[in-house]
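Only one structure is covered here, and it is reproduced in the block below.
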Amino acid sequence: MSWDAQADLIVVGSGVAGLTAALDAAELGLRVVVVTKDAVDAGSTRWAQGGVAVVVGDIAGDTVDAHVADTLEAGGGLCDAAAVASILADGPGAVARLRARGARFDPGADGRLARTREGGHSAFRVVHAGGDATGAEVERALVTAATDRRLPLLTDHVAVDVLRDQSGAVAGLSVLDGSGRPGVLAAPAVLLATGGYGQLYASTTNPSTATGDGIALALRAGVAAADLEFVQFHPTVLYDGPATGRRPLVTEAVRGEGAVLLDRAGRRFMTDVHPLADLAPRDVVAAAITRTLAATGAECVYLDARALDGFAQRFPTVFAACRAAGIDPVREPIPVTPAAHYACGGVVTDLTGRTAVSGLYAAGEVARTGLHGANRLASNSLLEGLVLGSRAARAVATDLVGRDRQGPGPVGSPTLAVAPRGVVQRAMSAAAGIGRDAAGLAAASDIIEAAAVPRAVTDRAGVEDAALTVLAQAVLAVAGSRTESRGCHVRTDFPDRDDRWQRASSVVVLDAAGRPVVRTDALVGAA
Ligand code: SIN
């Protein structure tokens, strides 16, 4: 298949960043096609619960500066301060545009938007929709807007590689359809908005689509990735026995509105850990739960929300998940455990979504802008997707003015190292979760190395498994090289922060054989 619809921009991914970019680009007069490997709403966006962290300006005492300070504090010294200030300042405008596109946020009793609070926030500043169904509402609004605008949408097509012209600039994208038939889309700009890589782990809040395809594609195109070791574990997913795959999230907003964590003896354990107790930044809470589980030998801790009024109305998604598991959160504490949740790092971009390759852009969870540092502040991700999606659309429009367009060069099926997904997930879960050490990381690396076999990648599963394989190798390499604990990266053999790593992001590139190498000579992110 060769599908040259005279597109200016191919957007890969149909979550918050991708659809925002596509809609903005169309409004700027660009011809856009959105490509997604599954159904339009099958990415991570629709699973986001808590909300969008934003200072609209109508809450006395809260300011964008306070939001910036909370983001920097949560980020463990690794945020890019300029990125934080710039992205958060654009938040109110981005949310206003989203509302103009039809997203309906929950109103409070006084007619203003309702606000909740999550870990690490010093104020109630998280706007939400459908109680705890914010991502679903954001996705609904954007998909409706894209449908109304008749944006071309190619579902069931997985992106394989960006194609280049003779000058090395992007000229298109190779894809595989659901039956593995190869195809080519021609365009001078490709925006990656493919989300994260929670599927590296056996237990995650992420859907099955979160396999890191965009990061792997960018690495193969010669773009660096950074901060990959900072895989954020959400402290509270519903625990209903040992299980793998996507686990039901219990939003931090439940704690924001008064629930507390208890160990199996019914004792609160966060009060001794951090001044914000149960509302400490997410990395702190997830690590404290992990230590509590190790100390008590229990499989889960408990989230006691019995004192909250109207739980079922305020948190309908969590309530339904609890009821499906036979738990009544109104009458009994909810069993919870941490699970892989968010990739704080990703493809290195500037603050407009541009990468180092002309014509290749990235926005949303796939990208590393410097906003999140070593640990993302809760509910900053939908905001980043909105802001960077818009900025990337404007960057593409600017860059295409006067650009010479050439067709893509020859296309072939890539031969990539592929390890079985189960092997990768078991090794990563055992060695690269909360609490890592040199021996475990090296052992996991050896296991994946031994299991990775080069083969022609001819279908979606192959693309995904190749992406997971290279990302596992990359995460293990950077996690092994960062000999300190910081944010989401917790080393049991190096339990303290080490100032030599302050403001130093780990950068990964691929060598000539396609293997990830850590570039310690090229640290980015100095704030
Ligand atoms: C949550 O609702 O707890 C998750 C929100 C987020 O990951 O930002």
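Note that the structure is predicted; figures quoted are calculated from it, not measured. Note that ligands are numbered from 1 as they come in the structure, with each ligand's atoms numbered from 1 the same way.
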Pairs satisfying salt bridge (charged side-chain N to carboxylate O under 4.0 Å, His left out), at least one member in residues 317-326, at least two apart: none
Which residue, R376, R368, R486, forms the salt bridge (Lys or Arg N to Asp or Glu O under 4.0 Å) with D227? R368
Atom OG in S122, atom CD in E73: separation rounded to 0.5 Å? 10.5 Å
With Y239, which residues qualify under ring pair (Phe, Tyr, Trp, His ring centres under 6.0 Å), at least two apart? none
Quick one: table the atom pairs, ligand 1 N or O against protein N or O, below 3.5 Å, distance rounded to 0.1 Å.
{"from": "ligand 1", "atom 1": "2 (O)", "to": "G50", "atom 2": "N", "distance (Å)": "2.7"}
{"from": "ligand 1", "atom 1": "2 (O)", "to": "T251", "atom 2": "OG1", "distance (Å)": "2.6"}
{"from": "ligand 1", "atom 1": "3 (O)", "to": "E118", "atom 2": "OE1", "distance (Å)": "3.4"}
{"from": "ligand 1", "atom 1": "3 (O)", "to": "H234", "atom 2": "NE2", "distance (Å)": "2.7"}
{"from": "ligand 1", "atom 1": "3 (O)", "to": "T251", "atom 2": "OG1", "distance (Å)": "3.4"}
{"from": "ligand 1", "atom 1": "3 (O)", "to": "E252", "atom 2": "N", "distance (Å)": "2.7"}
{"from": "ligand 1", "atom 1": "7 (O)", "to": "R282", "atom 2": "NH1", "distance (Å)": "2.9"}
{"from": "ligand 1", "atom 1": "7 (O)", "to": "R282", "atom 2": "NH2", "distance (Å)": "3.4"}
{"from": "ligand 1", "atom 1": "7 (O)", "to": "H341", "atom 2": "NE2", "distance (Å)": "2.6"}
{"from": "ligand 1", "atom 1": "7 (O)", "to": "R376", "atom 2": "NH2", "distance (Å)": "2.7"}
{"from": "ligand 1", "atom 1": "8 (O)", "to": "R376", "atom 2": "NH1", "distance (Å)": "2.7"}
{"from": "ligand 1", "atom 1": "8 (O)", "to": "R376", "atom 2": "NH2", "distance (Å)": "3.4"}
{"from": "ligand 1", "atom 1": "8 (O)", "to": "S379", "atom 2": "N", "distance (Å)": "2.6"}

The criterion is side chain to side chain contact (heavy atoms under 4.5 Å, CB included); which residues satisfy it with N206, sequence neighbours excluded? S44, T204, A210
Are S208 and R246 close enough that some pair of their side-chain heavy atoms sits under 4.5 Å apart? no
